[in-house]
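Accompanying notes for the structure given below.
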Amino acid sequence: MKIAVLPGDGIGTEIVAEAVKVLKLLDLPLEMESALVGGCAYEAHGHPLPESTLKLAMASDAVLFGAVGDWKYDKLDRPLRPEQAILGLRKNMGLFANFRPAICYEQLVDASSLKPELIAGLDILIIRELTGDIYFGQPRGRRIATDGHFPGAEEAFDTMRYSRPEIERIAHVAFQAAQKRSKRVTSVDKNNVLETSQLWKDVMVEIGQQYPDVALDHMLVDNAAMQLVKAPKKFDVLVTGNMFGDILSDEASMLTGSIGMLPSASLNSKGQGLYEPSHGSAPDIAGKGIANPLATILSAAMMLRFSLNQEAAAQRIEAAVQKVLQQGLRTSDIYSEGTTQVSTVQMGDAVVKAL
Ligand code: NAD
């Protein structure tokens with residue numbers, strides 16, 4: 001089982017090191033190879049996704065990814081910015097389905113900004129389409145500027161597009177995921193104003209007919225944003241396009257207390273996947289040893305489940321994470337009075353010990 005380990009920038013290196021520690025403890029034939037990605041790859045090779053890194057990722061069963069980016073790269077031409085590495089990996093590996101579970105751990109109910117009764121027991125799954133939509137439409141403002149900057153520009157544009165096959169395949173993923181859960185799918189769009197969304201809704205209805213055991217409903221994205229903070233437990237599987245999914249999944253992540261707790265998986269049709277925490281490189285806390293590594297450790301568990309077919313090992317890691325939370329160990333982002341504050345490395349060590 002070959003894993004490409006791409007820690008990236010900022011806290012990426014700190015949190016991935018803890019996940020690797022956990023993976024090494026499992027009695028599995030895992031072959032892990034590391035490579036540079038993001039800003040550090042740009043510094044070393046002049047590109048955020050060097051050919052050698054992409055080759056390694058493509059030849060692996062799974063990619064364990066940290067995070068990329070730093071404000072200091074904001075002045076670079078857009079194609080050279082660290083974040084482009086993720087888009088490049090998604091595109092080249094054909095990663096079209098992003099799974100973001102938002103689970104509220106009982107021990108962290110008080111870390112949420114919502115009332116405990118609204119989020120206790122929360123367990124929802126946001127499925128975001130990753131390869132279409134406005135992020136991959138017409139190049140932004142090409143007629144106006146080619147270097148990614150628009151000083152004094154009068155106009156800039158991005159086109160939103162989806163094709164029928166793109167919507168069909170993510171619909172199948174969502175209905176099949178719902179079959180393994182509570183058999184409900186909410187499809188989120190903006191069909192009252194966007195043609196792209198009308199196509200999205202029509203195709204969801206069509207594909208839904210092939211899954212008569214799953215109930216499908218539709219919600220406009222502005223309402224979904226509201227309902228997620230008003231009554232999040234009403235949702236089970238929420239499926240949506242690339243941009244709405246980007247925003248809603250971050251909103252959902254905060255329901256659970258900290259973005260530092262949330263894993264994610266991006267899968268292609270062959271089961272190959274990229275696994276990463278839902279958060280970014282957190283330059284504000286990088287190098288301080290205080291980042292929460294649990295989202296990355298839980299991403300490693302998702303990797304074992306979805307790409308490496310190791311359900312038992314995935315469950316062991318998830319149980320170990322539950323155990324350290326029960327022991328009252330908290331990194332600063334989830335710390336509350338009466339619990340014990342620990343560093344990134346101490347949290348990783350505690351998971352290893354619990355395993
Ligand atoms: P961010 O997710 O990096 O940080 C947002 C806030 O959450 C910060 O206050 C940060 O300290 C905190 N935080 C994030 N992860 C944490 C963790 N594990 N433990 C404790 N606290 C944590 O988002 P941002 O600040 O908007 O972006 C920073 C950089 O990351 C930017 O360059 C952005 O482009 C990039 N980014 C990368 C990815 C990715 O690699 N997939 C995703 C989002 C943002």
Side-chain angles (χ1 to χ4, degrees), residues 5-19 36-43 48-49 53 57 63-76 78-91 93 95 98-100 108 111-113 128 130 135 148 242-243 245-266 273-300 302 321 325 329-336 341-348 351:
V5 179
L6 311 183
D9 306 317
I11 61 168
T13 46
E14 302 166 45
I15 53 183
V16 167
E18 299 312 307
L36 295 178
V37 73
C40 59
Y42 170 76
E43 310 251 355
L49 182 59
T53 301
V63 177
L64 183 63
F65 191 95
V68 291
D70 191 294
W71 313 126
K72 70 181 175 191
Y73 301 113
D74 279 0
K75 293 225 153 39
L76 282 179
R78 201 173 293 280
L80 294 178
R81 291 197 201 162
E83 293 78 6
Q84 293 295 320
I86 312 175
L87 298 184
L89 283 165
R90 284 179 190 157
K91 206 167 177 94
M93 295 176 72
L95 305 170
N98 182 233
F99 282 59
R100 290 228 213 162
L108 296 183
S112 172
S113 50
R128 166 186 170 198
L130 272 189
Y135 299 116
N242 208 344
M243 184 169 67
D246 194 359
I247 300 165
L248 293 180
S249 57
D250 265 25
E251 186 189 358
S253 70
M254 278 319 292
L255 300 175
T256 67
S258 170
I259 201 161
M261 289 300 301
L262 292 179
S264 81
S266 303
L274 182 144
Y275 299 83
E276 59 173 333
S278 296
H279 56 76
S281 54
D284 55 335
I285 58 166
K288 294 187 180 162
I290 58 171
N292 187 345
L294 293 180
T296 316
I297 291 171
L298 291 167
S299 300
M302 285 183 93
V321 168
L325 293 175
L329 304 181
R330 305 280 189 271
T331 41
S332 58
D333 56 311
I334 48 174
Y335 174 76
S336 59
Q341 193 165 332
V342 293
S343 68
T344 309
V345 172
Q346 286 169 330
M347 187 57 111
V351 176

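Order of listing sets the numbers, starting from 1, for every ligand and every atom in it. A quick note: this is a predicted structure, and the numbers were derived from the prediction, not measured.
Here the side chains of Q341 and S332 are in contact, with some heavy-atom distance below 4.5 Å. The shortest distance between side-chain heavy atoms of D9 and P82 falls below 4.5 Å.
Residues passing the side-chain hydrogen bond (donor to acceptor under 3.5 Å, both in side chains) test with Y42, sequence neighbours excluded: none. Not counting sequence neighbours, the partners of F99 by the ring-ring contact (aromatic ring centres under 6.0 Å, His included) test are F306.
Looking at R81 and D70, no side-chain N of the basic residue comes within less than 4.0 Å of a carboxylate O on the acidic one, giving no salt bridge.
Screening residues 278-296 for salt bridge (Lys or Arg N to Asp or Glu O under 4.0 Å) gives no qualifying pairs among residues at least two apart or on separate chains.
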Measure from every N or O atom of ligand 1 to the protein's N or O atoms and keep only the pairs below 3.5 Å, writing each with atom names and distance to 0.1 Å.
from	atom 1	to	atom 2	distance (Å)
ligand 1	2 (O)	G280	N	2.7
ligand 1	3 (O)	G280	N	3.4
ligand 1	3 (O)	S281	N	3.3
ligand 1	3 (O)	A282	N	2.8
ligand 1	9 (O)	D284	OD2	2.9
ligand 1	11 (O)	D284	OD1	2.9
ligand 1	11 (O)	D284	OD2	3.0
ligand 1	15 (N)	H279	ND1	3.2
ligand 1	18 (N)	H279	NE2	3.1
ligand 1	18 (N)	N292	O	3.0
ligand 1	19 (N)	N292	N	2.9
ligand 1	30 (O)	S281	N	3.2
ligand 1	30 (O)	S281	OG	3.1
ligand 1	32 (O)	D70	N	3.4
ligand 1	32 (O)	E83	OE2	2.9
ligand 1	34 (O)	E83	OE2	2.4
ligand 1	40 (O)	V68	N	2.9
ligand 1	41 (N)	E276	OE1	3.1

